[in-house]
Structures are given as structure tokens and as C-alpha cells.
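Written below as C-alpha cells is the structure these notes are about.
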Amino acid sequence: MTATLPSPGTPGTNNRARISARTFRKDRWWLGPVLTALGLTAFVVYATARVFQQDNYWVEEHHYLTPFYSPCLSASCVPESAVFGTLPWAFPWFLPYALISLPFLLLFRFTCYYYRKAYYRSIWQAPTACAVSEPHDRYTGESRFPMIGQNLHRYFFYAAVLISLVNTYDATIALAHGENGGFGIGLGNLILIVNVVLLWCYTLSCHSCRHVFGGRARSFGTRPVRYWMWTQVSRLNTRHMLFAWITLGTLMLTDFYVMLVAGGTISDPRIFN
Ligand code: FES
């Protein structure tokens with residue numbers, strides 16, 4: 001009787017080409033994964049340091065709140081920064097002030113289709129790159145615990161929409177705190193607004209968002225509005241990777257700017273009032 005080998009790439013099998021070399025590729029296939037790992041690591045290090053700093057997150061004069069602390073929920077938050085109220089106790093150093101939103105934002109990004117591709121290749125190395133053998137013996141995909149949890153991404157999307165609304169509120173209310181207490185615009189307002197617009201671009205370009213508008217529809221023929229919205233989301237979706245990277249940068253930049261102004265290192269240049 002002849003044994004039948006499973007097809008190459010069958011989950012749970014070790015059916016790989018029997019060659020000793022890791023790869024025959026001569027190009028710099030490792031460059032992309034290395035740069036990706038460096039970029040993700042830089043963001044994680046910066047965000048972790050800032051989230052646990054519990055300081056320089058709020059500019060009283062112009063109501064600038066960094067997105068890393070929004071909504072601010074510790075009883076020790078500056079009262080004006082906690083526009084949605086606080087919990088009854090002051091958080092110890094190991095709890096971020098944005099205790100509710102940050103875990104969902106983290107899970108939203110962690111389970112994002114693009115970031116999965118990024119860290120599967122660059123950090124987990126499954127797969128490392130096309131035609132490069134990976135260090136793992138078995139491949140089970142996302143069919144088992146814990147990776148099956150990646151399917152929760154569609155629910156984290158709704159949480160991300162709510163948090164984007166909160167960030168939008170933060171950026172909007174800051175416009176009502178100019179030098180004389182009325183409407184005003186400073187460089188910080190522009191940074192907050194650009195950040196929130198790009199956050200919306202990232203959130204709405206999510207694959208789950210595309211499914212919300214276009215999924216399960218047998219035909220768009222009788223749904224012109226839904227078709228229009230699905231088309232717009234699909235356009236954004238083609239740039240999802242770009243928005244994923246840009247928003248990592250704008251989040252850090254926005255936080256860094258607020259930190260500098262809040263700490264008195266720089267003052268906020270005013271454009272109007
Ligand atoms: Fe990237 Fe949903 S696929 S955020």
C-alpha cells in the first residue's frame with residue numbers, strides 16, 4: 001500500500017521541501033521583516049513608556065489631551081481632562097489612566113489583518129518570507145487556541161469606532177479653548193485634528209468595516225446608498241497598510257507634542273486667538 005503525503009502547506013503537518021539551505025533567494029528578503037520589527041518595537045516601547053508615565057498628558061490652557069490618556073479615568077486625572085468622569089479611585093503606577101480604551105485599541109491593532117501579516121512575518125516568522133523556510137515545525141494557522149481569537153477582530157472594530165468618537169470629541173472641544181477662552185486654533189489643535197482624521201481613515205478602512213457595509217448582501221442593485229458607502233470604504237481599504245503605519249507615527253507625534261507643551265518645554269504657537 002502506498003502512503004499518501006498531505007499537500008504542501010496543509011495545516012498541522014510538517015510537509016516541507018527537504019532541502020538543507022534555508023533559502024536560495026539572493027535578494028535582501030530580510031530587509032522588510034527587519035524594518036517592520038523595528039517600527040513595531042519603536043512604537044511599543046514609546047507607547048509603553050508614555051502610558052505608564054502618568055504625567056504631561058494634559059495642557060490645561062488649551063484643553064489638549066493626548067490620545068494615550070483618553071478617556072482619562074483615574075481619580076487622579078486632572079479634573080478638566082476627565083470629561084467623561086472618573087472611576088472612584090486613583091490608579092497605581094501599573095494601571096494606565098485610559099484603562100478602558102487602551103486594551104481595546106491594543107487588541108484592535110493586534111488582531112488587524114495588516115498587523116497580523118506584519119508580525120507573523122517579522123516577529124513570529126510564520127512565514128518568514130516567500131521561499132524562505134521558517135523555524136517552526138508545524139503550521140496550524142488561526143484554527144486553534146489562542147490564534148483562533150484573531151477572529152474577534154470584528155468586535156474590536158466597534159470598540160475602535162467608539163474610541164475614535166471620543167478622540168474626535170477631544171479634538172473638537174479643544175477648539176473652544178483659545179487664548180481668551182473662546183474659539184481658537186493653535187498648532188496643537190491642528191495636530192489633534194490631523195491625528196483624529198487619520199485615525200478615522202485607519203478605522204474605516206478596516207476589513208471588518210468593509211464587511212459591515214458590504215457583507216451578506218446578495219445584491220447591491222436595490223441598495224444604492226449601501227453600495228456607495230461600501231465603495232468608499234473599499235477605496236480606503238486599499239490603503240489600509242499605509243494608514244496602519246501613518247497612524248502609529250501620528251499617535252506618537254501627537255502624544256509627544258502634548259507632552260512637550262504640557263511639560264513646559266515648548267509653548268503652543270497660536271494661529272488664531
Ligand atoms: Fe486592520 Fe481591521 S483589518 S483594523
Side-chain angles (χ1 to χ4, degrees), residues 32-33 35-44 46-48 51 66-68 70-71 96 98 100-127 129 140-171 192-217 226-255:
L35 292 178
T36 302
L38 287 176
L40 294 177
T41 304
F43 179 80
V44 169
Y46 177 86
T48 304
V51 158
T66 165
F68 288 169
S70 179
I100 305 286
S101 55
L102 283 183
F104 284 105
L105 280 182
L106 187 67
L107 288 167
F108 181 54
R109 297 244 172 190
F110 187 79
T111 58
C112 163
Y113 289 23
Y114 166 67
Y115 286 118
R116 278 191 238 176
K117 172 187 148 187
Y119 65 72
Y120 284 172
R121 291 186 182 181
S122 62
I123 295 173
W124 189 240
Q125 301 208 9
T140 57
E142 296 172 340
S143 59
R144 298 185 190 167
F145 181 83
M147 302 312 281
I148 198 169
Q150 301 279 32
N151 291 300
L152 295 173
H153 181 69
R154 66 198 72 173
Y155 304 110
F156 299 140
F157 164 72
Y158 295 108
V161 169
L162 288 178
I163 296 163
S164 294
L165 286 172
V166 170
N167 293 148
T168 305
Y169 181 80
D170 292 338
L192 287 175
I193 290 169
V194 168
N195 177 59
V196 90
V197 167
L198 289 166
L199 283 179
W200 275 115
C201 288
Y202 172 68
T203 306
L204 294 178
S205 64
C206 168
H207 293 261
S208 295
C209 179
R210 191 163 176 261
H211 181 74
V212 167
F213 287 104
R216 296 176 182 272
R226 196 170 167 190
Y227 177 66
W228 182 85
M229 291 193 291
W230 176 79
T231 306
Q232 304 312 310
V233 169
S234 297
R235 281 201 184 125
L236 282 176
N237 181 257
T238 60
R239 295 182 169 82
H240 190 57
M241 180 180 89
L242 183 65
F243 292 131
W245 279 109
I246 287 178
T247 49
L248 286 191
T250 52
L251 277 168
M252 286 196 289
L253 178 71
T254 305
D255 175 80

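Every number for a ligand or one of its atoms is a count from 1 in the order of the listing.
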Please confirm whether the backbone N or O of Thr36 pairs with a side-chain atom of Arg121, one donor and one acceptor, at under 3.5 Å? no

Hey, is CZ on Arg239 packed in by over 12 heavy atoms from elsewhere, all under 6.0 Å? no

Would you call Ile163 and Phe108 a side-chain contact if the rule is heavy atoms closer than 4.5 Å? no

Ring pair (Phe, Tyr, Trp, His ring centres under 6.0 Å) with His207: which residues, sequence neighbours excluded? Tyr113, His240

Does atom OH of Tyr119 have more than 12 heavy-atom neighbours from other groups under 6.0 Å away? yes

Around atom 1 (Fe) of ligand 1, how many protein N, O or S atoms are there at under 2.8 Å? 2

For atom CZ of Arg109, decide whether the heavy atoms of other residues, nucleotides or ligands shown that lie under 6.0 angstrom number more than 12. yes

